[in-house]
Amino acid sequence: MRLFIAINFNQATRARLLALRDELQSQSKRGRFSAPENLHLTLVFLGECDAKQADAAKAAMGAAAFAPLYVSIDRVGRFRRDGCDIWWAGIRADKPLLDLQSSLTEMLAEAGFSTEKRKYSPHITLGREVVTGAEPRQIEAFGETARRIELMKSERINSKLTYTKIYECGC
């Protein structure tokens, strides 16, 4: 199983994210744009895991310091790739969010997971392999209070990238 831990959004936040995605898509020559149901904030990517590792991830999620936190989306940007960029909606890197991500990473490391060493850059992917004349920009901030974190499975079903919640915890 290919797993990651994420925050998923309510319908109102998802609608605002879709509007950003659609605006980007309308300004683009090409790209692979995220499906509405796949718009999420990854906290930690775990990669390929077996059932025992999935159980360890669930335990780490329960042990991590988590309280409801406000997720604020305040910009649109990109990660440059050779001509085909990854475009995203940026999340304000507030202390509660960074503390949660750090706590999860620490609990997962104690459970034997090898997590990414690069600095955490909270974002929601809007599109991959995007060729556009659009420019990164600040937007009017919006968001929601996250009350749970979810362990997600990523797989291709009939050639479609599908994310399925397999566990959640929170308040």
Side-chain angles (χ1 to χ4, degrees), residues 1-48 66 68-102 104-105 115-166 168 170:
M1 295 178 284
R2 189 173 171 88
L3 302 178
F4 61 94
I5 299 171
I7 292 174
N8 284 296
F9 299 103
N10 65 31
Q11 291 301 332
T13 301
R14 194 175 301 272
R16 301 275 306 265
L17 290 165
L18 284 173
L20 291 173
R21 184 211 60 186
D22 291 349
E23 179 184 351
L24 174 64
Q25 190 171 12
S26 73
Q27 297 173 352
S28 300
K29 295 176 185 168
R30 73 171 203 257
R32 293 185 300 114
F33 296 90
S34 298
E37 63 273 14
N38 290 351
L39 295 169
H40 68 276
L41 170 60
T42 299
L43 294 168
V44 182
F45 178 74
L46 301 173
E48 290 296 327
F66 177 68
L69 60 97
Y70 189 76
V71 177
S72 181
I73 301 157
D74 63 2
R75 65 196 179 285
V76 174
R78 68 179 169 222
F79 297 127
R80 289 199 177 268
R81 301 291 186 260
D82 294 326
C84 299
D85 300 334
I86 297 171
W87 279 80
W88 43 259
I91 307 291
R92 189 175 300 137
D94 292 333
K95 183 172 175 20
L97 175 62
L98 296 178
D99 287 349
L100 169 60
Q101 196 277 336
S102 178
L104 280 168
T105 300
T115 57
E116 291 187 27
K117 302 300 181 220
R118 64 183 166 183
K119 182 181 174 190
Y120 180 61
S121 177
H123 66 280
I124 302 155
T125 301
L126 300 174
R128 293 175 175 82
E129 300 175 7
V130 176
V131 176
T132 184
E135 291 293 327
R137 62 189 169 87
Q138 293 296 126
I139 59 172
E140 182 179 335
F142 66 95
E144 68 181 74
T145 299
R147 300 191 184 284
R148 67 182 181 277
I149 55 176
E150 301 174 350
L151 182 61
M152 305 293 292
K153 177 171 65 170
S154 172
E155 59 190 334
R156 289 221 175 257
I157 299 175
N158 298 324
S159 300
K160 182 180 177 191
L161 185 59
T162 304
Y163 300 146
T164 307
K165 175 179 67 173
I166 61 174
E168 72 176 52

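This is a predicted model, so every value here is computed, not measured.
Closest approach of R92 and R75 over heavy atoms only: N-NH1, 4.0 Å. Of all heavy-atom pairs spanning S154 and F4, the tightest one is CB-CE2, 4.0 Å. Considering every non-hydrogen atom in both P36 and R14, the closest pair reads O-NH1, 2.6 Å. The nearest pair of heavy atoms linking Q138 to D74 is NE2-O, 3.2 Å.
Between Y163 and H40, the two ring planes are perpendicular [angle over 60°; tilted spans 30° to 60°].
Side chain of N10 to main chain of A12: a donor-acceptor pair is present (N/O by atom type, distance under 3.5 Å, no hydrogens or angles). Checked by atom type and distance alone, the side chain of N8 never pairs as donor or acceptor with a backbone atom of E150 at under 3.5 Å.
In this structure the side chain of F142 reaches within 4.5 angstrom of the side chain of L20, judged on heavy atoms. Side-chain contact between Y120 and T105: absent, with no pair of heavy atoms (C-beta onward) separated by less than 4.5 Å. With contacts defined as side-chain heavy-atom distances shorter than 4.5 Å, the pair E168/M152 does not qualify.
With rounding to the nearest 0.5 Å, the separation of NZ in K29 from CD in Q27 is 12.5 Å. Separating the CZ atom in F33 from the CD atom in E129 is a distance of 10.5 Å, to the nearest 0.5 Å.
A salt bridge is defined here as a Lys NZ or Arg NE, NH1 or NH2 lying under 4.0 Å from an Asp or Glu carboxylate O, and R137 with E135 fails to meet this definition.
Taking the salt bridge (Lys or Arg N to Asp or Glu O under 4.0 Å) definition, one finds that D22 meets it with nothing, sequence neighbours left out.
Counting heavy-atom neighbours within 6.0 Å of R32 CZ, excluding the residue itself, gives a total above 12.
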